[in-house]
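Structure record follows, encoded as structure tokens.
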Amino acid sequence: MSENVQSAYREEQNKLSSVLEEIGTQLGRLRAIPVYTGHDFTEQVLEAGREERRQRLAKSEPEPYFGRMDFEEEGKSSIAPLYIGKTGLDGRDPGSLPIVIDWRAPVASLFYSFTGGEDRVEYEAPEGIIGGEVHLKRNIMVRKSELERVVDTYTRGAEEPAVSDEFLLYRLGENKDNRLRDIVSTIQAEQDKIIRAEKNKALIIQGVAGSGKTTVALHRLAFLLYQYQEQVSAEKMIIFAPNGMFLDYISGVLPELGVGDIQQRTFTDWAAKLLDVESMLANPAETLDFWFGEAGGAAPGDDAPGRFKGSDLFRSMLDAAASALEVSGAPELEFSPWDGKVMPYETILHWYAEEYKHYSAGGRKERVLARIHRWIEMELKPVKPESLRKEYKKKATLREKAYAKKWPDFSPLTLYKQIFGAVKDARGILPQNEFAAIPASVLKSTRKDLKEGRIREEDLPALLYLHQLLNGIEGIERFDHIVIDEAQDFSPLQVSVLDRFVRGHSFTILGDLSQGIHAYKGVHAWEEMSDLFDAEETSYHALTRSYRSTMEIIGFANVILSGGVSNAIEAVPVFRSGNRVRMIDFGTDAEREAADVQAAAKAITALWGREHKTVSLLTRTQEQASALHAALQPEFPELNLIDGSMTQYEGGLSVLPLHLSKGLEFDAVIIADAGRRNYGDSEWDAKMLYVGCTRALHELWVLHGGETPSFLQNVTDWSDAGWPET
Ligand SMILES: Nc1ncnc2c1ncn2[C@@H]1O[C@H](COP(=O)(O)OP(=O)(O)OP(=O)(O)O)[C@@H](O)[C@H]1O
């Protein structure tokens with residue numbers, strides 16, 4: 001250890017002792033106050049505040065901060081050492097400077113955005129832009145209240161260059177368990193920009209595999225809650241993610257950041273519940289089996305049901321259908337509650353089309369019928385004698401009911417069924433010519449589904465859209481912010497539906513087009529989404545650096561992209577080197593099925609149980625995963641089989657179809673068979689293998705029976721062929 005390093009270490013040791021002492025004192029004081037359990041409201045609020053501080057202090061004790069930045073603010077003569085932690089620690093006296101600054105505070109942005117140099121720097125504070133000079137940037141690792149590492153990444157005037165990535169590489173080199181983690185100590189400048197971006201915009205983030213999209217989105221939520229605490233609340237934020245297992249995998253990050261109560265759902269769950277159609281929903285696995293069940297199937301086109309039903313063209317058809325229904329809403333009838341008393345059609349139409357025109361069609365119907373009801377009651381009042389009034393009332397009740405039935409029900413499902421011809425448009429009001437462009441196959445399969453009382457995931461956005469058009473969303477609480485993860489699998493219609501449910505277009509939409517393996521329903525270009533917003537309502541960010549995998553793995557994955565996917569953005573790896581990728585041909589003989597299992601077993605033996613905590617075997621289909629699981633389990637009883645219905649991710653050793661691995665990561669990945677029986681040369685096949693390969697942090701082994709698709713034939717810069725020598 002050099003003298004400088006030693007003295008820095010000593011200095012930080014002393015600082016840590018004093019901070020820990022302060023935490024101990026503050027905690028001791030708070031714990032000495034008896035917990036209030038009475039009914040006085042003010043006392044209850046005070047107690048809640050104390051409890052929150054107790055928890056915060058206890059949480060920060062093992063790791064009170066992770067960084068220090070010495071900043072000389074313009075106009076001030078002193079240099080302030082600012083300590084930055086996951087939570088702030090206030091000084092004991094009111095008005096004193098914070099001892100530790102929350103990572104989300106404006107000044108902490110300097111810690112992330114500063115990458116060296118003697119130039120003036122600035123950050124945006126509520127009181128305006130604040131400028132100054134950085135004198136020191138230091139990473140400090142404290143674990144279990146012990147100082148473990150001190151690394152200076154910048155010292156003003158120092159001759160030696162900074163070692164800016166050392167800390168990051170140290171973190172990236174660690175093995176992963178079954179949970180995504182927070183990255184507060186190593187957030188990179190380009191990620192910080194996204195985290196701190198303004199709230200009322202639809203942020204669209206294209207990030208290569210492993211660029212930290214999911215992680216960044218979760219940190220952004222924590223930031224928004226801190227920065228806009230008066231305007232947003234956690235319960236009114238929602239994360240949409242692809243499946244329950246993925247939600248489980250990411251569920252640890254927010255509590256680590258001190259954030260709770262944010263809703264985490266799949267779009268399907270959320271929409272089906274809102275529409276109350278859960279019981280009609282077909283098992284989503286049917287769709288997955290259809291697209292992924294057949295190995296090497298053809299890539300989907302724009303007439304795939306999901307693509308079509310999420311398109312702008314379909315949206316215009318829905319608009320036309322809803323507006324035809326709305327226009328013809330009031331039945332062309334006068335209403336007569338009893339003989340001799342009439343409410344003319346023209347009056348009813350005037351109410352419906354003019355007076356209530358600002359309400360949705362469903363809302364107007366409700367109001368018109370309520371008004372008619374009130375009118376009947378008024379007209380009944382002067383009727384004498386009593387027996388005649390009773391007779392009129394009875395008649396009026398029956399006629400009122402019959403009249404209400406003449407109105408359309410404005411149910412999105414009924415209209416949807418009419419569009420697809422699954423029920424008759426009895427009044428003949430729908431513009432049938434508008435629907436001529438529905439692809440024949442979509443028309444046929446959807447009509448059959450609807451006739452049999454079944455809807456699919458891909459129908460939900462359209463049904464929700466119709467619901468909004470016909471009934472509005474008054475009374476449904478709007479979100480303060482929506483995160484859409486794996487957004488390349490969302491359709492434009494889904495996003496425009498969600499836009500009505502959020503205040504100020506406040507979205508974080510993140511994804512990677514190169515991982516668009518659900519291309520049968522997702523977008524093919526981000527413009528499909530950004531075009532939904534006015535230019536000033538949206539902003540686009542690209543993340544190209546990949547933090548997950550070693551250079552060798554990223555190099556290998558980039559070959560797949562450049563050979564197999566047009567216009568793909570290649571990932572830039574961080575400088576973390578590991579083993580070369582292994583390409584292992586297990587032959588194409590008649591015993592191939594057996595060889596496949598043997599090869600997988602050999603690869604697992606080589607990788608599992610060593611330093612790796614998570615190892616996964618990725619297959620093309622669910623069926624293959626089940627078959628391999630059955631064959632391998634006697635030898636590896638700890639092997640987990642993962643399927644789409646799971647809501648928990650266990651980690652460890654697993655076998656799963658490649659499409660379910662999306663969003664997850666593993667220390668080591670074994671592609672079970674990348675041979676031609678599973679993958680052709682199509683872009684879709686390349687994307688699938690790209691997703692699979694980029695799940696690996698440290699080791700990637702690609703098994704294949706015989707020849708591979710063409711985009712895997714040029715990988716020798718990054719891989720070795722055959723089994724490693726033992
Ligand atoms: N700044 C960082 N410091 C440390 N680790 C990071 C950083 N950014 C990302 N990572 C790590 O990189 C990995 C990938 O992150 P994440 O899963 O959020 O990426 P992603 O872009 O959503 O990936 P994908 O699209 O491939 O699923 C995680 O292990 C995460 O902890």
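Values below: all heavy atoms of this structure, side chains included; hydrogens, waters and symmetry mates excluded. Both ligands and their constituent atoms are indexed starting at 1 by order of listing.
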F114 six-ring centre to K137 NZ/CZ under 6.0 Å and within 45° of normal: no
Contact partition for T215 relative to ligand 1, non-hydrogen atoms under 4.0 Å: both
Nearest neighbour of atom 25 (O) of ligand 1 from the list Q488, R181, K213, E190, on a heavy-atom basis: K213
Where ligand 1 meets S211 - atom numbers and elements under 4.0 angstrom, heavy-atom basis: 19 (O), 21 (O)
Sub-3.5 Å N/O-N/O distance, Q191 and ligand 1: yes
N/O separation below 3.5 Å, Y547 to ligand 1: no
Close N or O approach (G212, ligand 1; < 3.5 Å): yes
Donor + acceptor pair across side chains of Q622, Q624 (<3.5 Å): no
Trace of the side-chain hydrogen bond (donor to acceptor under 3.5 Å, both in side chains) decision for H505 with D499: CA-CA 6 Å; H505 315 289; D499 193 29; 2.9 Å; yes
Minimum heavy-atom distance D717-R580, with the two atoms named: O-NH1, 3.1 Å
Check against side-chain contact (heavy atoms from CB on, under 4.5 Å), T621 and N678: CA-CA 9 Å; T621 67; N678 282 324; 5.8 Å; no
Taking every non-hydrogen atom, the tightest pair across A217 and T508: CB-CG2, 4.3 Å
Short side-chain donor-acceptor distance under 3.5 Å, D192 and S113: no
Distance filter under 4.0 Å to E665 heavy atoms, resulting ligand 1 atoms: 13 (C), 14 (C), 28 (C), 29 (O)
Salt bridge present between D512 and K687 (N-O < 4.0 angstrom): no
R695 to ligand 1, any heavy atom closer than 4.0 Å: yes
Donor + acceptor pair across side chains of Y65, E12 (<3.5 Å): no
Atom indices of ligand 1, in the order listed, that fall short of 4.0 Å to a heavy atom of Q188: 1 (N)
Atoms of ligand 1 close to T214 [distance to a heavy atom under 4.0 angstrom, numbered from 1]: 18 (O), 22 (O)
Proximal atoms of ligand 1 relative to L168 (non-hydrogen, under 4.0 Å): 2 (C), 3 (N), 4 (C)
Numbered atoms and elements of ligand 1 in range of T186, under 4.0 angstrom, heavy atoms: 1 (N), 2 (C), 3 (N), 4 (C)
Nitrogen or oxygen atoms of T694 and ligand 1 under 3.5 Å apart: no
Residue pair R56 / T87, side-chain donor-acceptor N/O under 3.5 Å: no
Between W270 and Q263: side-chain donor-acceptor atoms closer than 3.5 Å: no
Non-hydrogen atom of G207 closer than 4.0 Å to ligand 1: no
For V208, atoms of ligand 1 separated by under 4.0 Å from a heavy atom: 21 (O)
Contacting atoms of ligand 1, where contact means under 4.0 angstrom from a heavy atom of A209: 26 (O)
Nitrogen or oxygen of V216 less than 3.5 angstrom from that of ligand 1: no
